[in-house]
2 protein chains.
Amino acid sequence: MKNTGDRRRTIYDVAKAAGVSISTASNALNDTGRTNAETRERVRRVAEEIGFRPNALARGLLSKRSHAIGMLTNDTYGRLTLPMAAGVSEVLVDHGVSVFLCATNNDPRLAQLHLEALLDRQVDGIIFTATRLDLTPPVQLSRLPIPVVYVFAEGPADSVTFFPDDEQGARLAVDHLKELGRSRILHITGPRDYLAARIRAQSYLDACGDGAEAMFGDWSEEWGHEAVQSVFARPGAKPDAIFCGSDEIARGVIDALRDLNVEIPTDVAVVGFDNWEVVARQTRPPLTTIDMELKELGHRAGLAILSLSKGEPVPAGITKLPCRLVVRQSCGSPLQSG
Amino acid sequence: MKNTGDRRRTIYDVAKAAGVSISTASNALNDTGRTNAETRERVRRVAEEIGFRPNALARGLLSKRSHAIGMLTNDTYGRLTLPMAAGVSEVLVDHGVSVFLCATNNDPRLAQLHLEALLDRQVDGIIFTATRLDLTPPVQLSRLPIPVVYVFAEGPADSVTFFPDDEQGARLAVDHLKELGRSRILHITGPRDYLAARIRAQSYLDACGDGAEAMFGDWSEEWGHEAVQSVFARPGAKPDAIFCGSDEIARGVIDALRDLNVEIPTDVAVVGFDNWEVVARQTRPPLTTIDMELKELGHRAGLAILSLSKGEPVPAGITKLPCRLVVRQSCGSPLQSG
DNA sequence: TTTTTCTGCTAAAAGCTTTTATCATGAATC
DNA sequence: GATTCATGATAAAAGCTTTTAGCAGAAAAA
């Protein structure tokens, strides 16, 4: 007889069926107060039998913790957001915390609406995420009565923020190329006004020293193509490796190299950035690239907001999570190239 | 003096500040009962001043409607889910309804956990979405006390389900090619065990009649490439148009054609399916393709679950939403080709 | 035996809102 | 002047849970 009635079972039903008071039922179920072991077991069995599940609304109303958080994103496309959101949700579901997803489309009115809805719902915290590091939220998040964590987005100075470690990621790519014996490494990346592009480029320049060249453009395949054409058209030594600021750019680079009959990886090795599987797996040859560990970023943000919502201290400032090198075939193996 | 205290303002604070009772305050704010116009205004002004916002938990507890819904997805990647989720959220936020996003990763345990959490939260309904039409949920959704809507996923016979109209979408593609004077149209698509692939293929065969050929394979670029190579390697007439089952396949097709020095669109026109902008915009030439209107699908699903949760009737069965042709440059214009 | 301590349980309050039923008050009707 | 009516306000209940304070009974200590 599992909850066949039309109305949800309440703790009152449990108490009645077990022949105890409501408080005893509550104590038995939550292991609070003093309860006889035998009674406790009976209450629990009855609760199970009639399919009792506590009402999260009533619980939240009393405890002032709703065990829900809001995730505010201004990414419409979802390539970055969904893996992070899945990571957040995955790590929190085991703590009984659910996630409201709010897509703001970067529209301040929509963002404000979502924010108010979240506050009305007494969420325990908010995770703000964007599609780029240096984008501030479309709505004021700084004077909120609940904690806020920023992931892949710029927060105020003293806020808790998680970034992928673009500097380390870029170094990973360059070091990999160097280990394979490449020395003339070129960097083709996105627009200079993207913080991530600047960080990666600087890291590349620091690692490669003299002769290094970073070409800024768009986050597009077209730009990768165009950049390679211009580099191979001009006189002078040609690069033997290209480190790209994104997988899309890498894709354009690979296409252009093929058009020029340049062999990959024999003549030129290519490394991408993003590990956007659907692109990186499909290039010919499959692309060696840098994974930003978006899901892990989500895990960390989720745990951070969880701690903050419990009042536990979390170190403020920017935490950079290491990227991971994913080796496929666009650089060759050390053996091949050696 | 906007809520500078440490605790949220309640209706009790409003009542006190306005010098009325709690019930009067509630009536004034919600336009219920009988209230003097002057009192009503005063209460509202005070509420605004002290920054009162009703507690959704208390409200939901009483009304038994939480004004929240759950969205259960088994898509890890997010290319389909996030646009739909954004659509759902966008249409519901104006009705004061928020969306819990639950990524199940197709793991029954995780799905069960999420489902229970949603029920505990008294959500007003659940939207289940998958990455393919013929995938059933990883958890039992049929005997729930709340309505369920299926989007882009297979539901039980009498359920409310929304699909993109693959048949019409395929016809849109074929008709477009025919209008441009193409007659030998080939279809390269994904695995035969995907319902969507079968529907699109059948629609194509119906529209093209004799000589039409549908090649089933993978949803990958590689397969598109491979298929083109084999077709152009065998003797006989070559196609003057290729309708692809996905943009990724189309991308492989375009690459292969370029390798073969076949001009696009002069020699062969190409149409894709998905309007996955990041792919479709980046092919050379940019891809004419079919958009499944995922956001609109989300809108409709959101409105359906809203109606159902209010007890309003919603026609059961599968509703197919029309796809849209997005013309770029991979088919040429009627003028060019005419 | 009387007092203290412990055990197991319970009544009641609190959390915040909406709704129902009730209560004054002044105006209108008889 | 007595009765009805309409108005504007209010007290209290309901929704479901957890927690606090307290109560009875039994066991232990005096």
Side-chain angles (χ1 to χ4, degrees), chain A residues 3 5-44 46-47 50-68 96 119-124 145, chain B residues 3 5-44 46-47 50-68 96 119-124 145:
Chain A
N3 192 0
D6 47 352
R7 133 188 160 288
R8 275 185 75 110
R9 301 311 172 129
T10 72
I11 199 166
Y12 180 81
D13 298 317
V14 177
K16 206 169 78 174
V20 294
S21 75
I22 298 183
S23 357
T24 304
S26 174
N27 280 331
L29 292 171
N30 300 317
D31 249 336
T32 54
R34 291 185 294 247
T35 10
N36 184 317
E38 194 270 332
T39 316
R40 189 164 55 238
E41 280 319 304
R42 178 158 42 90
V43 169
R44 289 188 175 176
V46 166
I50 68 174
F52 166 76
R53 308 235 57 205
N55 183 324
L57 262 38
R59 221 177 212 181
L61 180 57
L62 191 55
S63 68
K64 299 191 168 244
R65 295 200 50 221
S66 64
H67 290 272
L119 292 174
D120 292 354
R121 295 206 141 74
Q122 318 285 112
V123 292
D124 300 334
Chain B
N3 191 1
D6 46 353
R7 136 190 157 287
R8 276 187 73 110
R9 302 312 172 127
T10 72
I11 198 166
Y12 179 80
D13 298 318
V14 177
K16 204 169 79 172
V20 294
S21 76
I22 299 184
S23 356
T24 303
S26 175
N27 280 330
L29 292 171
N30 301 316
D31 250 336
T32 54
R34 290 186 295 247
T35 9
N36 184 316
E38 194 270 331
T39 315
R40 189 164 54 238
E41 280 319 307
R42 178 158 42 89
V43 169
R44 290 189 174 175
V46 166
I50 69 175
F52 166 75
R53 306 238 54 204
N55 182 325
L57 262 39
R59 222 178 211 180
L61 180 56
L62 192 55
S63 68
K64 298 190 168 246
R65 296 200 51 219
S66 64
H67 290 272
L119 292 175
D120 292 354
R121 295 206 140 73
Q122 319 285 112
V123 292
D124 300 334

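OP1 and OP2 of C:dA11 both lie 4.0 Å or more from every side-chain N or O belonging to A:Ser23. Contact annotation: B:Lys64 side-chain N/O to D:dA14 OP1/OP2 distance is not under 4.0 Å.
When heavy atoms are screened at a 4.0 angstrom cut-off, B:Thr24 is found touching base atoms of the nucleic acid. Here B:Thr10 lies in heavy-atom contact (under 4.0 Å) with sugar-phosphate atoms only. Within 4.0 Å (heavy atoms only), A:Thr39 reaches sugar-phosphate atoms of the nucleic acid but no base atom. Here B:Thr35 lies in heavy-atom contact (under 4.0 Å) with sugar-phosphate atoms only. At a threshold of 4.0 angstrom between heavy atoms, the contacts of B:Ile22 include nucleobase atoms, whether or not backbone atoms are also involved.
Comparing B:Ala37 and B:Arg59 along DNA chain D, the residue whose closest nucleotide (by nearest heavy atom) sits nearer the 5' end is B:Ala37. Comparing A:Ile11 and B:Val20 by the nucleotide of DNA chain D whose heavy atom lies nearest to each, the residue mapping closer to the 5' end is B:Val20.
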Table of protein N/O atoms under 3.5 Å from nucleotides 25-28 of chain C N/O atoms:
none

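The separation between B:Asn27 atom CG and C:dT17 atom C1' is 12 Å, rounded to whole Å. Residue B:Leu61 contributes atom CG, which lies 17 Å from atom P of D:dA13 at whole-angstrom precision. Regarding B:Tyr12, its OH atom lies at a distance of 11 Å from the P atom of D:dA11, rounded to whole Å.
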The contact string for nucleotides 23-28 of chain D, one letter per nucleotide 5' to 3', using protein heavy atoms under 4.0 Å with B, S and - for base, sugar-phosphate only and none, comes out as ------
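Each end of the helix from C:dT1-D:dA30 to C:dC30-D:dG1 gets its own axis from five base pairs, and the two axes differ in direction by 70°, given to 10 degrees.
Formation of a donor-acceptor pair under 3.5 Å by the A:Ser66 side chain with backbone atoms of A:Gln122 is found in this model.
Interface remark: the B:Ser21 side chain does not form any donor-acceptor pair with the D:dA9 base, using a distance-only criterion of under 3.5 Å.
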